[in-house]
Amino acid sequence: MGRIREDQTIAAISTPLGPGGIGIVRMSGPKSLPILEKLFRPSASSWTPISHKLCHGYIVSPEANCIVDEVLAVYMKAPRTYTREDVVEIQCHAGYAVLNQILDLCIKFGARPAEPGEFTRRAFLNGRIDLVQAEAVADLSRAEALGLSRISAGAVTGRLSERIESVRQELAGCLAALEVAIDYPEEDAEIMDQARLNEILEEKIIRPLKALLDAFERTRIHRSGAAVMIAGRPNVGKSSLLNTLSCRDKAIVTDIPGTTRDIIEARIEIGGVCVTLLDTAGVRSEPDPIEAMGIEKIRELAPSCQLFLWLIDVSSPLRGSDRAVLNMLASHRQMPVIVVFNKIDKITEKEADTISKLRHDLAKISPASLDWPYCLISAKQQTGISRLLELIRQNLLGKEETLPEVAPNTRQKEIMEKCLHLAEQALDALKAGLSPEIPALDIRQALDYLGEITGETATEDILEQIFSRFCLGK
Ligand SMILES: Nc1nc2c(ncn2[C@@H]2O[C@H](COP(=O)(O)OP(=O)(O)OP(=O)(O)O)[C@@H](O)[C@H]2O)c(=O)[nH]1
Ligand SMILES: [Mg+2]
C-alpha cells in the first residue's frame with residue numbers, strides 16, 4: 001500500500017460476500033457525503049443529512065434509471081467516526097449483485113476501492129487508535145472462539161495499550177534520571193537515587209513485562225487453536241464421535257470396517273478455544289493399500305496435534321489392531337492421550353467390570369496407559385459427552401478457569417521479550433555500579449522497541465505487514 005492520500009475517499013464492501021441478511025458498503029473521506037447524495041433517494045420528501053442518524057431510502061442507478069435496493073444509510077461527520085474522517089455506511093440486502101452495484105456507484109461518483117485494512121489504517125494514522133488496538137481489530141474480526149474474542153476486546157478498548165504506556169512512562173522516567181546523572185557526574189550520588197531506580201526497574205518495568213509475557217503463554221492456545229486427533233482401530237466409532245461432537249453429519253458412518261480413508265476435519269469450540277477435530281482412518285496391523293495411505297496421513301499430521309483421543313470399542317476384546325494404534329501413539333510419546341471407551345450402550349454385564357478388565361489388558365500392552373485419563377461414552381446415543389469435553393478442556397487449558405485481562409499477540413510478545421532483556425541488563429549494570437551511560441543505552445533501546453508495539457516508532461514495513469493481514473472493508 002502506498003502512502004495514503006488523505007484527500008481520497010475510499011469505498012469497500014465491509015461484510016462477507018455471500019447470501020445473508022444485511023450487507024454494508026462503507027466509504028471514508030471528504031467526498032463520502034457528496035457521493036451519497038448522488039446515489040441515495042430518501043423515502044421522506046425532504047432530507048437534510050443529520051450526522052449519526054440512520055435514514056431510510058433507496059439507492060438509485062442514474063444511468064440505468066432504476067432502483068438498486070431499499071437501504072438504510074448513515075452519514076457520520078468527522079471526527080466522531082471510525083477513521084476520524086467523514087464516513088458513510090449503506091446497509092443494503094446482502095446479495096453479491098446488490099453490494100457490487102452500490103460499490104460500483106460509489107466508485108463511479110468519485111471514491112476509489114479501499115485496500116485491505118485501509119479504514120483501520122486511517123484510524124491509526126489519524127490517531128484514533130494505536131497499533132495495538134489496530135491489531136486487535138484484525139483479531140476480533142477473525143476470532144472464531146470466545147477466548148480470542150475476549151482477549152482482543154480487551155486490547156481494542158485500549159487496556160493493553162495502557163499497560164504498555166505505563167511501562168513506557170517508567171522507562172522514560174528512568175532514562176531522564178540517568179541522563180541527569182550523565183550530565184552532572186560529580187553530583188551523581190545526590191541526583192540519582194540508585195535504590196529508587198532499581199526498585200522502579202524491578203517493580204514497574206520488569207514485573208509488568210513478565211506478567212504480560214506470562215499472559216501470552218496462558219493465552220497461546222486461544223490464539224493458535226488446538227488440533228485433536230481421534231484415533232483407533234477400524235469401526236470403533238471415530239466418525240460417529242466426530243459427528244456427535246460437531247453436532248453435524250460430517251463423516252460417513254457405516255458398520256463396514258475401513259469406511260474412513262481421508263482425514264475429516266470439524267471445528268468446534270471447547271473452553272473458549274477453537275479446536276479442530278480430526279477423524280482418521282482406522283489403524284490396523286495389516287492394512288490394505290488404501291488404508292495404508294490413510295495411516296500415512298495420520299503419521300504426517302500427528303506431530304502437529306495437541307491431543308489424541310484413543311477410541312476403544314468396549315463391546316469387543318482388544319485386538320492386534322489396537323496394539324497397532326498404540327504403537328503409532330507411542331511414536332509421539334510426548335503427546336497427551338485420553339482413552340475413550342465407546343459403545344457403552346452395548347455392555348450387558350457390569351460396566352465397571354468391563355472397563356477394569358479392558359484397562360488391565362491395555363496396561364499389559366502399555367503400562368503408561370494407566371496414567372492416561374479415560375472416560376466412557378456412547379457416540380451413537382450421545383452419552384458421556386460432557387465428561388469427555390471436560391477432559392479435553394482440562395487437557396488443553398490445565399486447571400486454569402479464567403483468562404488474563406489483557407495479553408499481547410506474538411509480534412508484541414517478541415518485542416516485549418527484547419525490552420525485558422534490556423531492562424534486566426540495565427538493572428544488572430546499575431547494581432554493578434557501572435557508569436550511567438551503560439544502563440541509559442539499554443533503556444533508550446527498550447523505549448524504541450516499545451514504540452514499535454504501539455506504533456510510535458513503527459516503520460512503514462511493519463505497518464505494511466500488519467495492515468495487509470486485514471480483511472477487505474475493515
Ligand atoms: N451401539 C453403538 N454403536 C456405535 C457407537 N458408535 C459407533 N457405533 C457404530 O459402529 C459402527 C462404526 O462406526 P463409525 O463411526 O463408522 O466407526 P469408525 O471408527 O469411524 O470406522 P472406520 O471409519 O471404518 O475406521 C457404525 O455402525 C456405528 O453406528 C456407539 O456408541 N454405540
Ligand atoms: Mg470412520
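Atom-to-atom distance recorded for Arg168:CZ and Leu175:CG is 11.0 Å, nearest 0.5 angstrom. The structure places SG of Cys174 at 12.0 Å from CG of Asp442, a figure rounded to the nearest 0.5 Å. Here CD of Gln382 is found 11.5 Å from CG of Asp345. Values are rounded to the nearest 0.5 Å. Interatomic distance, CD1 of Ile264 versus CG of Leu242, reported as 7.0 Å (0.5 Å rounding). To the nearest 0.5 Å, the span separating CG on Leu403 from CG on Leu148 amounts to 10.0 Å. Lys343 contributes atom NZ, which lies 9.5 Å from atom OG of Ser378 (distance to the nearest 0.5 angstrom).
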Check your understanding: Are Val340 and Ile230 close enough, and set up right, to give a side chain to side chain contact (heavy atoms under 4.5 Å, CB included), and what steps lead you there?
Key -> CA-CA 10 Å; Val340 182; Ile230 307 173; over 6 Å; no

Exercise for review: Apply the test salt bridge (Lys or Arg N to Asp or Glu O under 4.0 Å) to residues Asp361 and Lys364: give CA-CA distance (whole Å), side-chain angles for both, the deciding distance (0.1 Å), then the verdict.
Suggested key: CA-CA 5 Å; Asp361 292 347; Lys364 275 198 257 169; 3.8 Å; yes

Point to revise | Derivation and outcome, side chain to side chain contact (heavy atoms under 4.5 Å, CB included), residues Met328 and Phe308 | key: CA-CA 11 Å; Met328 198 196 65; Phe308 265 124; 4.1 Å; yes

Exercise for review: For salt bridge (Lys or Arg N to Asp or Glu O under 4.0 Å), just list the numbers for Arg223 and Asp139, CA-CA rounded to whole Å, side-chain angles, deciding distance to a tenth of an Å, and then say yes or no.
Suggested key: CA-CA 9 Å; Arg223 292 189 181 281; Asp139 286 340; 3.4 Å; yes

Exercise for review: Show your reasoning for whether salt bridge (Lys or Arg N to Asp or Glu O under 4.0 Å) applies to Glu300 and Lys297.
Suggested key: CA-CA 5 Å; Glu300 275 167 27; Lys297 286 198 173 201; over 6 Å; no

Review point. Is there a side chain to side chain contact (heavy atoms under 4.5 Å, CB included) between Arg393 and Leu389 once you walk through the steps?
Key: CA-CA 6 Å; Arg393 195 199 67 76; Leu389 287 171; over 6 Å; no

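The backbone N or O of Ala363 sits nowhere less than 3.5 Å from a side-chain atom of Ser366 that would complete a donor-acceptor pair. A distance-only check finds a donor-acceptor pair linking the side chain of Thr459 to the backbone of Ile462 [under 3.5 Å]. In this structure, Asn342 contributes its side chain and Leu311 its backbone to no donor-acceptor pair below 3.5 Å. Checking side-chain atoms of Ser149 against main-chain N and O of Leu146 turns up a donor-acceptor pair under 3.5 Å. Proximity of a side-chain donor or acceptor of Asn126 to a complementary backbone N or O of Arg128 within less than 3.5 Å is not detected. Side chain of Asp86 to main chain of Ser32: no donor-acceptor pair is present (N/O by atom type, distance under 3.5 Å, no hydrogens or angles). Under the 3.5 Å distance criterion, the side-chain polar atoms of Thr457 are matched with a main-chain donor or acceptor of Glu452. Counting only distance, with no hydrogens or angles, the side chain of Asn409 and the backbone of Arg411 share a donor-acceptor pair below 3.5 Å. Between the side chain of Thr15 and the backbone N or O of Ile24 there is at least one donor-acceptor pair closer than 3.5 Å.
Atom CD1 of Ile22 sits in a sparse spot, with 12 or fewer heavy atoms from other residues, nucleotides or ligands closer than 6.0 Å. Around atom CG of Leu54, more than 12 heavy atoms belonging to other residues, nucleotides or ligands sit under 6.0 Å away. The number of heavy atoms from other shown groups lying within 6.0 Å of CD (Gln394) is above 12. Within a 6.0 Å radius of NZ in Lys204, no more than 12 heavy atoms belonging to other residues, nucleotides or ligands are found. Remark: Arg150 CZ is loosely packed, at most 12 non-hydrogen atoms of other residues, nucleotides or ligands lying under 6.0 Å away.
Within the structure, every pair that satisfies the side-chain hydrogen bond (donor to acceptor under 3.5 Å, both in side chains) test and touches residues 208-220, not counting sequence neighbours, is listed here: Glu217-Arg220, Arg218-Glu400. Among residue pairs with one or both ends in residues 364-392, those qualifying as ring pair (Phe, Tyr, Trp, His ring centres under 6.0 Å) are Phe341-Tyr374; sequence neighbours excluded. The list of salt bridge (charged side-chain N to carboxylate O under 4.0 Å, His left out) pairs with a residue in residues 234-249, not counting sequence neighbours, is empty. For the salt bridge (charged side-chain N to carboxylate O under 4.0 Å, His left out) condition, no pair includes a residue of residues 374-389, sequence neighbours left out. Among residues at least two apart or in separate chains, salt bridge (charged side-chain N to carboxylate O under 4.0 Å, His left out) pairs with a member in residues 88-104 are Arg26-Glu89.
Residues Tyr82 and Val137 have side chains in contact (heavy-atom distance under 4.5 Å, counting atoms from C-beta outward). The closest side-chain heavy-atom distance from Asp313 to Asn235 is not below 4.5 Å. Between Ile270 and Val228, the closest side-chain pair of non-hydrogen atoms is not below 4.5 Å. Leu160 places a side-chain heavy atom less than 4.5 Å from the side chain of Leu212. Proximity of Ile59 to Cys92: side-chain heavy atoms (C-beta onward) are nowhere separated by under 4.5 Å. You'll find the side chain of Leu241 reaches within 4.5 Å of the side chain of Ile385, heavy atoms only. You'll find the side chain of Gln412 reaches within 4.5 Å of the side chain of Glu135, heavy atoms only. Residues Val71 and Gln91 fail the side-chain proximity criterion, which asks for heavy atoms closer than 4.5 Å.
Checking Glu424, Gln425, Lys418 one by one against His421, the side-chain hydrogen bond (donor to acceptor under 3.5 Å, both in side chains) holds for a single residue, Gln425.
Under the side-chain hydrogen bond (donor to acceptor under 3.5 Å, both in side chains) criterion, Thr259 pairs with Thr254, sequence neighbours left out. With sequence neighbours excluded, the residues forming a side-chain hydrogen bond (donor to acceptor under 3.5 Å, both in side chains) with Thr83 are Ser28, listed by chain and number. When the ring pair (Phe, Tyr, Trp, His ring centres under 6.0 Å) test is applied to Phe470, the partners found at least two apart in sequence or on another chain are Phe467. Residues satisfying the salt bridge (Lys or Arg N to Asp or Glu O under 4.0 Å) test with Glu351, not counting sequence neighbours, are none. Applying the side-chain hydrogen bond (donor to acceptor under 3.5 Å, both in side chains) criterion to Arg444, with sequence neighbours excluded, gives Glu179. Every side-chain hydrogen bond (donor to acceptor under 3.5 Å, both in side chains) that Arg163 has, sequence neighbours left out, goes to Glu405. Arg142 meets the salt bridge (Lys or Arg N to Asp or Glu O under 4.0 Å) test with no other residue; sequence neighbours excluded.
Of all non-hydrogen atoms in Asp322 and Pro317, the two that sit nearest each other are OD2-O, 4.4 Å. Across all non-hydrogen atoms, the minimal contact from Ile268 to Ser246 is CG2-CA, 3.6 Å.
Salt-bridge formation is not detected for the pair Glu286/Arg319: no Lys NZ or Arg NE/NH1/NH2 atom is positioned less than 4.0 Å from an Asp or Glu carboxylate oxygen.
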